[in-house]
Protein chains: 2
Amino acid sequence: MSEPSSSDAYEETRPFRVRSSTAEWAAAILRQRVTQGGLLPGSRLVEDELTAELEVSRNTLREAFRLLGHERLLEHKLNRGVYVRVLSPADVADIYRVRRMIEGSAVRRPDQDPIALTALRDAVADAERAAAASRWLDVGTADLRYHQIIASLNGSQRVNAMMAQLLAELRLVFHTMDPRALHAPFLPRNRELLTLLESGRTAEAEDLLATYLDEAERLLLAAYAQARTS
Amino acid sequence: MSEPSSSDAYEETRPFRVRSSTAEWAAAILRQRVTQGGLLPGSRLVEDELTAELEVSRNTLREAFRLLGHERLLEHKLNRGVYVRVLSPADVADIYRVRRMIEGSAVRRPDQDPIALTALRDAVADAERAAAASRWLDVGTADLRYHQIIASLNGSQRVNAMMAQLLAELRLVFHTMDPRALHAPFLPRNRELLTLLESGRTAEAEDLLATYLDEAERLLLAAYAQARTS
DNA sequence: TCTTATCAGATTGTTCAACAATACTTATAT
DNA sequence: ATATAAGTATTGTTGAACAATCTGATAAGA
């Protein structure tokens, strides 16, 4: 346990409790720990420990568990406790199936928001900058942002929410493997896809994205299988 | 792992409450009321009344509220209570945007599960039978089942879940309008789309579905706007 | 030795009662 | 009539309590 467990650490975020409910506040902290890798997949979340640490009641903490369970970040086993979700290879395959659908549908659209294209350029630039400095975690963050923006080209709030949840799930897998091997191969392709989108060549963009996602899935599954056996 | 086989028969006869959590049991009841139209959009769900009626504690009921809130069936306003969701025209448009993506992606696939095609035939037959008997609510149910099966052609568990949630939301709108005017126009098209799928003419199926969904959205928005003003 | 049974400890599931915080309603004053 | 203020109802949160279930260790039996 490398982080300070005193309540002082949360003093800064306390004001948010006034606006949102305490349960959502607790959920936000746990969500951050899970997506940032502070809590690894398979970890058990014990009620007693967390109520003491977050200084909320058991009932409130359980409401937070429910919220994160519905986001598929936590797994609730009846009478056995709550665990950080462990994704199976089938889950990874399923996630990429949905990504192909969402992102494929996005790049296929002829009318594309110039604001989104600008945001894509920023994300690519951030990723390249982080890669040059070997900050691979930041590369990963920028990459996820890039694909979230791609999804937003669909122009649907619900699709945005689905994609955000999907990428949060993917993060669970990322933390069990080497971020460099994971993200480096796709940096040039993100830029390539961007130029295709900018020039409106949707058919080529669709092709590139399809092979992109297929390869990413293959790479991820291979590395994932290896990490789980070792 | 040796369990007495006699417990199987025992479990079957026991109330559902024993196997899943009480919160999920309560959520199931409320979900049914909302989707079946027993609780209309905008209705307020008061904690005191429901704890008395369902005979569960406030905490458990609130857990159920959270579950249904995440399914977008209930809306939770801080300090102001829980309401059955009221969909805006923008929500309806958004839902159809997602439907176009999901169902479009589904019919575009060349390899289609024969089991799903059989299920589609059943759904169409059920709808036509119900229509002949003027049981329009049943027509609606069969129609939703039809489109859920279409979505399942994507072969993704997550897409199935998204679609189920989407159709549950749509049901909220359906209950405020005449089911016959809503479903009658699309009966023959469901069959037409089915024959196209059976013969593998995916391009034509995609076209038909696109115009189908566009028209359904237009019809729904028009009728919805009218129902809300009267 | 291996399996099965039993039991105590720990953890979760659920309820209840209380109080605080907030929103809503009514009454009062200007 | 509008604005302000008090009072009421409802939700938000807590803590304690007990029941139900799981876990692991120990004891009993084959």
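Chain letters run A, B, ... following the sequence lines, proteins first and then strands; every chain starts at 1.
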Once you round it to whole Å, what is the distance between [atom2] of [N] and [atom1] of [X]?
X       : N      : atom1 : atom2 : value
B:Asp48 : C:dT15 : CG    : C1'   : 15 Å
B:Asn59 : D:dT13 : CG    : P     : 11 Å
B:Leu61 : D:dT13 : CG    : P     : 15 Å
A:Leu74 : C:dT12 : CG    : P     : 13 Å
B:Leu50 : C:dT15 : CG    : P     : 14 Å
B:Leu78 : C:dC24 : CG    : C1'   : 15 Å
B:Arg58 : D:dT14 : CZ    : C1'   : 11 Å
B:Glu63 : D:dT11 : CD    : P     : 17 Å

Can a side chain N or O of [X] be found less than 4.0 Å away from OP1 or OP2 on [N]?
X       : N      : value
A:Thr60 : D:dT14 : yes
B:Thr22 : C:dG13 : no
A:His76 : C:dG13 : yes

Which of D:dT11, D:dT13, D:dT21 is nearest the side chain of B:Glu47? It is D:dT11

d(B:Ile149 CD1, B:Arg121 CZ) to nearest 0.5 Å is 11.0 Å

Is the shortest side-chain N to carboxylate O distance from B:Glu75 to B:Arg80 below 4.0 Å?
no

So does A:Glu24 pair up with B:Arg66, basic N to acidic O under 4.0 Å?
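B:Arg66 and A:Glu24: salt-bridged.
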
Side chain to side chain contact (heavy atoms under 4.5 Å, CB included) test vs B:Tyr96 passes for just one of B:Asp91, B:Asp214, B:Leu221, B:Leu170, namely B:Leu170

Could you check whether the rings of A:Phe186 and A:Tyr212 sit parallel, tilted or perpendicular, using 30° and 60° as the cut-offs?
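Tilted.
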
Assign each of A:Arg80 and B:Arg62 to its nearest nucleotide of DNA chain D by heavy atoms, then name whichever residue's nucleotide is nearer the 5' end.
B:Arg62

Nearest-nucleotide check on DNA chain D, B:Arg44 vs A:Tyr83; residue mapping nearer the 5' end is B:Arg44

Name the nucleic acid region contacted by A:Val82, choosing base, sugar-phosphate or nothing; use a 4.0 angstrom heavy-atom cut-off, strictly under.
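Contact class for A:Val82: none.
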
